[in-house]
Trainee: 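Please read through the structure below; I'll follow up with questions.
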Amino acid sequence: AIPAIALVMLGWCQIQLSRLLKLLGLLPEASEIDLRRMIYHLVLENLCTGVADIEGTEAGKVATFVFSPFPLYLDQKSQVLSHVKTSMVVKLNLSREGFVHAELD
């Protein structure tokens, strides 16, 4: 139980530090390419993902992943609001290691 609590506290501290750096203007904005690559890796590393389809396109192989149900958390200034969507469909380009499209139902 102690290691799990330590990981939670470490994550909370990292979030607070990130918020402080952003507030001070010391945290650089990520480029669109960086964001697409980060989304790509987060989806592929998630063990709860199901590949619904892989299709060949002119841009390369595109995989469709389905998350169902999909929890959504909105970070407001004073609180975190949670919603549960029916599903989220994400398309990734496997050849270029990038994010293509996502939609919430």
Side-chain angles (χ1 to χ4, degrees):
I2 293 174
I5 291 171
L7 289 173
V8 169
M9 292 304 296
L10 178 64
W12 182 84
C13 290
Q14 289 175 336
I15 290 171
Q16 296 307 317
L17 177 63
S18 167
R19 285 181 176 171
L20 177 63
L21 291 174
K22 185 175 180 181
L23 181 66
L24 297 174
L26 299 174
L27 188 65
E29 291 290 325
S31 69
E32 184 174 337
I33 294 171
D34 292 337
L35 290 174
R36 288 180 179 275
R37 185 157 293 202
M38 180 179 63
I39 292 169
Y40 172 84
H41 286 288
L42 285 172
V43 170
L44 285 183
E45 290 173 3
N46 186 340
L47 298 175
C48 300
T49 344
V51 178
D53 185 34
I54 296 178
E55 59 183 309
T57 66
E58 291 181 10
K61 289 185 179 179
V62 175
T64 302
F65 296 84
V66 178
F67 297 84
S68 180
F70 183 75
L72 181 65
Y73 298 96
L74 302 172
D75 189 7
Q76 301 296 328
K77 291 182 180 179
S78 61
Q79 63 182 345
V80 176
L81 303 175
S82 66
H83 302 285
V84 177
K85 297 291 186 175
T86 305
S87 68
M88 182 175 85
V89 178
V90 179
K91 294 189 178 224
L92 301 177
N93 187 321
L94 300 176
S95 303
R96 296 185 180 175
E97 294 188 0
F99 167 76
V100 177
H101 176 76
E103 65 182 47
L104 287 171
D105 290 337

Trainee: Would F65 end up clustered with V62 when hydrophobic side chains under 4.5 Å apart are linked, directly or stepwise?
Mentor: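 Different clusters: F65 never reaches V62 through Ile, Leu, Val, Met, Phe, Trp or Tyr contacts under 4.5 Å.
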Trainee: Looking at E97 and H41, what are the two nearest heavy atoms and their distance?
Mentor: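 That closest heavy-atom pairing would be OE1-NE2, 4.0 Å.
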Trainee: Side-chain heavy atoms under 4.5 angstrom apart, residues restricted to Ile, Leu, Val, Met, Phe, Trp, Tyr: same cluster for L104 and F67?
Mentor: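 Yes: a chain of side-chain contacts under 4.5 Å links L104 to F67.
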Trainee: Within the 4.5 Å heavy-atom criterion, are Y73 and S82 side-chain neighbours or not?
Mentor: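 Sidechains of S82 and Y73: in contact.
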Trainee: With rounding to the nearest 0.5 Å, note down the distance linking OG in S18 to CG in L26.
Mentor: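 That separation rounds to 11.5 Å.
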Trainee: Side-chain contact test, heavy atoms from C-beta onward, threshold under 4.5 Å: evaluate it for N93 versus Y40 and give yes or no.
Mentor: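 Not touching, per the 4.5 Å side-chain cut-off.
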Trainee: Checking T86 side chain against S68 main chain: does a donor-acceptor pair fall under 3.5 Å?
Mentor: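 Here the side-chain-to-backbone pair does not exist.
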Trainee: Spell out, as yes or no, whether a donor-acceptor pair under 3.5 Å connects the side chain of T64 to the backbone of K91.
Mentor: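 Not confirmed, T64 side chain does not pair with K91 backbone.
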Trainee: Are the side chains of L92 and F99 in touch, meaning some heavy atoms are under 4.5 Å apart?
Mentor: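 Yes, close enough: below the 4.5 Å cut-off.
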Trainee: Should R19 and Q16 count as side-chain neighbours, where that means a heavy-atom distance under 4.5 Å?
Mentor: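 Yes. Closest side-chain heavy atoms under 4.5 Å.
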Trainee: Mind listing the closest non-hydrogen atom pair of R36 and V100 along with its distance?
Mentor: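 Scanning both residues completely, I find the closest heavy atoms to be NH1-O, 4.0 Å.
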Trainee: Taking side-chain hydrogen bond (donor to acceptor under 3.5 Å, both in side chains) as the test, write out the residues that go with S31, two or more places apart.
Mentor: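 If we apply the side-chain hydrogen bond (donor to acceptor under 3.5 Å, both in side chains) test to S31, skipping adjacent residues, the hits are D34.
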Trainee: Return the CE to CD distance between M88 and E103, rounded to the nearest 0.5 Å.
Mentor: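 These two atoms lie 10.5 Å from each other.
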